[in-house]
Amino acid sequence: MSAERLDGAGVAKIIRAEVAPQVAQFQSTRGRKPGLHILLVGDDPASQIYVRNKERAGAEAGLIVSVHRLTADVTLDDVLAAVRRLNADPACDGILVQAPLPRAIGKDGTAQVFDAIDPRKDVDGFHPHNVGLLVQGRAALKPCTPSGVIELLDRTGHAIAGTHAVVIGRSEIVGKPMALLLLQRDATVTICHSKTPDLKATCRGADILVAAIGRPGFVTPDFVKPGAVVVDVGINRVDTRETAVSLFGADHPRIADFDKRGSLVVGDVHPSVETVAGAMTPVPGGVGPLTIAMLLKNTLAAAKARG
Ligand code: NAD
């Protein structure tokens, strides 16, 4: 059996095509374009790529996307000042601080930066105010990755209500909000993490299994109930050929990609899961593009709400 491929890139394209005319409508009634402002601190190579993709998708949808670059050696006060400037800027509807911030800013500093964002402009949905609303099931700005997963399930006809959904990972940006959104859609939800005993058995109970771990190919077929819907949130760079071959097998076309580029982006779900799952998201081309589409949707919603 080979699982149905859940085409996140295709669904994201449809969502972006829905956003674009609404952006044009906003512009014609309000006399300005919605503005997304991205704060990029330091020179993390993956962040540069993520920001470039967000910039491109935003511009295609007709948003104004401004990237504010700060060098890696800035102080926490500098970053906070940049956030406050954007809070006060009337042309700014959405603020995205690209994570991770430089190591020197630290965990507490990072939390201070995210807490400083005006909740009405918090298009990532990470501010405690928006998280509180999310817990109560009345958030306007929901975290982009998990809300993208819900859109994907809805638009590919996979029912959520009444299912047992298992989420592996309990991060603030993916695992926890994912579990909440599935719960709000009447799934029975189990959250698993690094201390969960007998993880495989728990996962084998899932009708919907969401992997948000950050470990290449971690979820193998023995985690998966036959026919389950498997959503792979992981984005992991593999840069040893041996690991790439252990995931795909030596003759797979992705090994030729590896040989060309010297690395591969892979998910948390082992490719062989497609022999057991009923449906599965690819990496790349699954959840990643949806995250960006939902960011555009959130920016439009934030702009409309601000007037
Ligand atoms: P994180 O490191 O904050 O959290 C990882 C979670 O996995 C933790 O809660 C941890 O308990 C759990 N975990 C770690 N090892 C485990 C184990 N052995 N068994 C069970 N659970 C284990 O990561 P995150 O920010 O939630 O991101 C997870 C993955 O999703 C990463 O690969 C990241 O790059 C990717 N990601 C993708 C998108 C997207 O747009 N597709 C967005 C955000 C994150």
Side-chain angles (χ1 to χ4, degrees), residues 6-9 11-12 15-16 38 44-54 56-58 96-101 103 107 110-111 114 123-126 131 142-153 166-182 189-206 209-220 222-224 230-239 243 247 263-270 280-298:
L6 297 176
D7 180 14
V11 171
I15 295 171
R16 293 203 310 267
I38 302 176
D44 178 64
S47 294
Q48 308 280 340
I49 296 168
Y50 294 149
V51 167
R52 209 176 311 133
N53 291 341
K54 289 167 186 172
R56 195 179 307 139
L96 184 147
V97 176
Q98 183 63 45
L101 290 172
R103 207 177 284 266
K107 212 173 157 196
T110 298
F114 282 97
V123 286
D124 258 337
F126 297 160
V131 175
K142 297 173 195 164
C144 302
T145 301
S147 58
V149 171
I150 298 288
E151 287 273 353
L152 179 65
L153 295 173
V166 174
V167 180
I168 318 177
R170 55 173 159 183
S171 71
E172 307 300 333
I173 63 168
V174 188
K176 279 187 201 169
M178 185 75 257
L180 283 166
L181 291 176
L182 289 163
V189 181
T190 304
I191 307 176
C192 297
H193 48 77
S194 52
K195 303 285 190 295
T196 299
D198 209 356
L199 181 64
K200 288 183 185 179
T202 306
C203 293
R204 275 198 303 272
L209 179 62
V210 181
I213 311 157
R215 290 181 169 218
F218 181 86
V219 174
T220 44
D222 49 345
F223 282 69
V224 179
V230 179
V231 177
D232 190 352
V233 178
I235 299 180
N236 310 293
R237 186 165 295 277
V238 166
D239 48 20
T243 311
L247 287 170
S263 69
L264 276 185
V265 172
V266 304
D268 289 344
V269 177
H270 198 283
M280 182 169 156
T281 58
V283 177
V287 176
L290 285 162
T291 299
I292 297 183
M294 299 313 286
L295 172 68
L296 306 183
K297 240 184 140 169
N298 273 354

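Computed over heavy atoms, backbone and side chain alike; hydrogens, waters and symmetry mates excluded. Just follow the structure's listing: the first ligand is 1, and inside any ligand the first atom is 1. Index from 1, following the sequence.
No side-chain heavy atom of Val149 sits under 4.5 Å from any side-chain heavy atom of Leu290. You'll find the side chain of Cys203 stays beyond 4.5 Å of the side chain of Val219, heavy atoms only. Taking the side chain as every heavy atom from C-beta outward, Ile173 and Phe114 never approach each other to under 4.5 Å. With a 4.5 Å cut-off on side-chain heavy atoms, Ile168 and Val210 do not count as touching.
Atoms CE and CD1, on Met178 and Ile150 in that order, are 4.0 Å from each other to the nearest 0.5 Å.
Lys297 pairs by the salt bridge (Lys or Arg N to Asp or Glu O under 4.0 Å) definition with Glu151, not counting sequence neighbours.
Annotation: ligand 1 has protein neighbours Thr145, Ile168, Gly169, Arg170, Ser171, Ile173, Val174, His193, Ser194, Leu199, Ala212, Ile213, Gly214, Arg215, Phe218, Val233, Gly234, Ile235, Asn236, Val287, Gly288, Thr291, each with a heavy atom less than 4.0 angstrom from the ligand.
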